There are 2 protein chains.
Amino acid sequence: MGIPERKEREKEHRREEILNAAQRVFFEKGLQTATMDEIAEAAELSKGTLYLYYKSKEDLYLGVMIRGMDILYNMFTEATSTNEPTIVKIKNLGDMYYRYFKEHRSFFRMFYFFQNPLFHTQVSQEMMGLCQAGNQKVWKLVIDLIQRGIDEGDIRPEVDPAECAVILWSNSNGIMMRMDTQEEYFKNVLGVDLERVLQKSMAMLFQSMLRDPA
Amino acid sequence: MGIPERKEREKEHRREEILNAAQRVFFEKGLQTATMDEIAEAAELSKGTLYLYYKSKEDLYLGVMIRGMDILYNMFTEATSTNEPTIVKIKNLGDMYYRYFKEHRSFFRMFYFFQNPLFHTQVSQEMMGLCQAGNQKVWKLVIDLIQRGIDEGDIRPEVDPAECAVILWSNSNGIMMRMDTQEEYFKNVLGVDLERVLQKSMAMLFQSMLRDPA
DNA sequence: GTAGTAACTGACCGCAAGTCATTTAATCAA
DNA sequence: TTGATTAAATGACTTGCGGTCAGTTACTAC
């Protein structure tokens with residue numbers, strides 16, 4: 001009985017094709033400006049068909065965003081599978097997030113919307129669950145690594161690894177969001193180079209977490 | 001000839017009344033969900049009239065947001081007009097921003113949208129200019145205070161005041177945004193109390209900036 | 001009282017999200 | 001092979017909202 005299996009595969013394939021089309025359109029136009037008709041045309045399907053696979057435009061958007069989360073997770077995994085000391089790996093994570101910001105800007109921007117409280121109301125429970133799962137995987141990776149840094153004695157033992165992860169992430173994310181939207185403004189009006197700010201602030205935070213100043 | 005002056009006052013008054021109505025509706029519904037018809041009804045005017053005073057829904061939104069900036073600026077001014085030492089005032093600014101977050105949550109949320117890069121394209125040049133002016137006033141206040149802290153010798157002289165301001169702001173803003181949307185999630189899944197995280201991270205950053213550990 | 005002007009109105013337009021009756025294609029049973 | 005059944009896909013249609021503008025009302029000046 002290979003037919004139901006084949007059908008299942010084809011359905012999955014179509015879901016992916018729709019996501020490919022959506023990704024192209026969303027990257028070019030953003031959530032607000034992109035239209036379902038455009039995505040349908042890019043997918044060479046009718047608009048109605050899109051709704052057989054995704055409940056709403058926002059769900060489709062989250063589907064693309066989850067791809068972005070997976071890419072980030074894979075980059076983080078790569079950054080931490082070297083033979084370097086744990087403390088260096090933690091530093092690598094920070095650098096890798098910045099690389100993600102530079103190389104996958106469109107995905108990075110999608111994370112904005114996830115932070116908008118009103119966005120959440122327009123999204124299905126299922127997609128929301130998938131997002132949180134993807135999110136959690138990344139957090140766990142970072143927190144576990146910091147815990148290891150504590151166990152190995154490089155990081156001060158009174159540091160809470162989850163709190164530490166949140167601090168590092170909030171700081172770098174906050175600065176990168178500014179880079180994305182207002183880099184020129186900060187340069188011209190305040191005379192601030194945000195890339196330097198990112199480096200400095202991360203160094204300051206690392207400093208406070210390390211046992212020995214290095 | 002008091003008639004043109006009176007007309008001008010009435011026009012200004014109407015602008016304010018429209019803003020009052022828009023504020024009520026935007027606070028309740030958010031930018032996306034609120035409709036111009038709702039705002040018109042709240043203002044007891046027809047929809048067309050709104051467009052005689054504001055160019056678009058987004059412009060009206062920014063008009064409300066500027067009120068929020070003014071409130072923040074006044075709170076910051078208040079926090080820095082005490083007789084305490086400069087270094088304490090800087091700390092007060094951080095506390096005041098958190099108070100703003102707690103007491104003026106709806107205004108705080110409006111700042112989100114300003115960070116959305118695609119939002120900017122839908123907004124008139126005039127409003128944008130007003131926003132940047134309001135924004136700049138706040139930055140100037142913070143940066144000047146940090147400069148004073150350097151001059152008085154409490155803050156390490158190699159610190160760049162503008163960079164320092166950006167770091168403090170990015171960090172606290174990033175954490176408060178998380179508080180706003182995902183406080184429960186962080187508590188339950190990661191076991192992290194974001195209020196503690198805010199306090200700790202600010203303490204860490206202050207520490208790195210001070211000449212003497214205090 | 002009337003001409004002229006500024007303020008205001010709401011029916012209307014265009015566009016886009018989402019729906020659903022209908023059509024098309026694939027599978028199966030006889 | 002063919003007719004019945006089910007699944008997949010379609011696109012015309014509904015609904016709702018941002019924005020417009022021809023027409024109305026209210027006020028001012030002469």
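Letters go in sequence order (proteins before strands), and every chain restarts at 1. The shown structure was predicted, so the numbers you read here are calculated from the model rather than taken from an experiment. Side chains are part of it too, since the values below use all heavy atoms of this structure and drop only hydrogens, waters and symmetry mates.
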> Tell me: CD1 of B:Ile18 to P of C:dA7, nearest whole Å?
Replying inline: 12 Å
>> Tell me the interatomic distance from B:Glu17, atom CD, to C:dC8, atom C1', rounded to whole angstroms.
In response: 16 Å
>> Is the positively charged end of B:Arg99 above the ring of B:Phe101, judged by distance under 6.0 angstrom from the centroid and angle within 45° of the axis?
In response: no
> Given the side-chain rings of B:Phe27 and B:Phe107, with only the six-membered ring counted for Trp, is the space between their centroids under 6.0 Å?
Replying inline: yes
> CD of B:Glu10 versus P of D:dT28: gap in Å, rounded?
Replying inline: 8 Å
> Between D:dT6 atom P and A:Lys7 atom NZ, what is the distance in whole Å?
Replying inline: 13 Å
>> Tell me the interatomic distance from B:Glu12, atom CD, to C:dA7, atom P, rounded to whole angstroms.
In response: 13 Å
> Tell me the ring pair (Phe, Tyr, Trp, His ring centres under 6.0 Å) pairs involving residues 31-58 of chain A, sequence neighbours left out?
Replying inline: none
> Roughly, in whole Å, what's the span from CZ in B:Arg15 to P in C:dC8?
Replying inline: 13 Å
>> Check this for me: A:Glu44, atom CD, are more than 12 non-hydrogen atoms of other residues, nucleotides or ligands nearer than 6.0 Å?
In response: no
>> Just to be sure I understand the geometry, which residues of residues 27-56 of chain B put a non-hydrogen atom under 4.0 Å away from DNA chain C?
In response: B:Leu45, B:Ser46, B:Gly48, B:Thr49, B:Leu52, B:Tyr53
>> Please pick, from C:dG18, D:dA8, D:dC27, the nucleotide with the shortest atom-to-atom distance to any side-chain atom of A:Lys11.
In response: D:dA8
Atom pairs and distances, side-chain donor-acceptor, residues 133-148 of chain B, under 3.5 Å, sequence neighbours left out:
{"from": "B:Lys140", "atom 1": "NZ", "to": "B:Asp144", "atom 2": "OD2", "distance (Å)": "2.7"}
{"from": "B:Gln147", "atom 1": "NE2", "to": "B:Asp151", "atom 2": "OD1", "distance (Å)": "3.0"}
{"from": "B:Arg148", "atom 1": "NE", "to": "B:Glu152", "atom 2": "OE2", "distance (Å)": "3.2"}

>> Whole angstroms only, please: what is the NZ-P distance between A:Lys57 and D:dT15?
In response: 21 Å
> Going through the checks in order, is the ring-ring contact (aromatic ring centres under 6.0 Å, His included) test met by A:Tyr100 and A:Phe108?
Replying inline: CA-CA 8 Å; A:Tyr100 183 80; A:Phe108 181 88; 7.1 Å; no
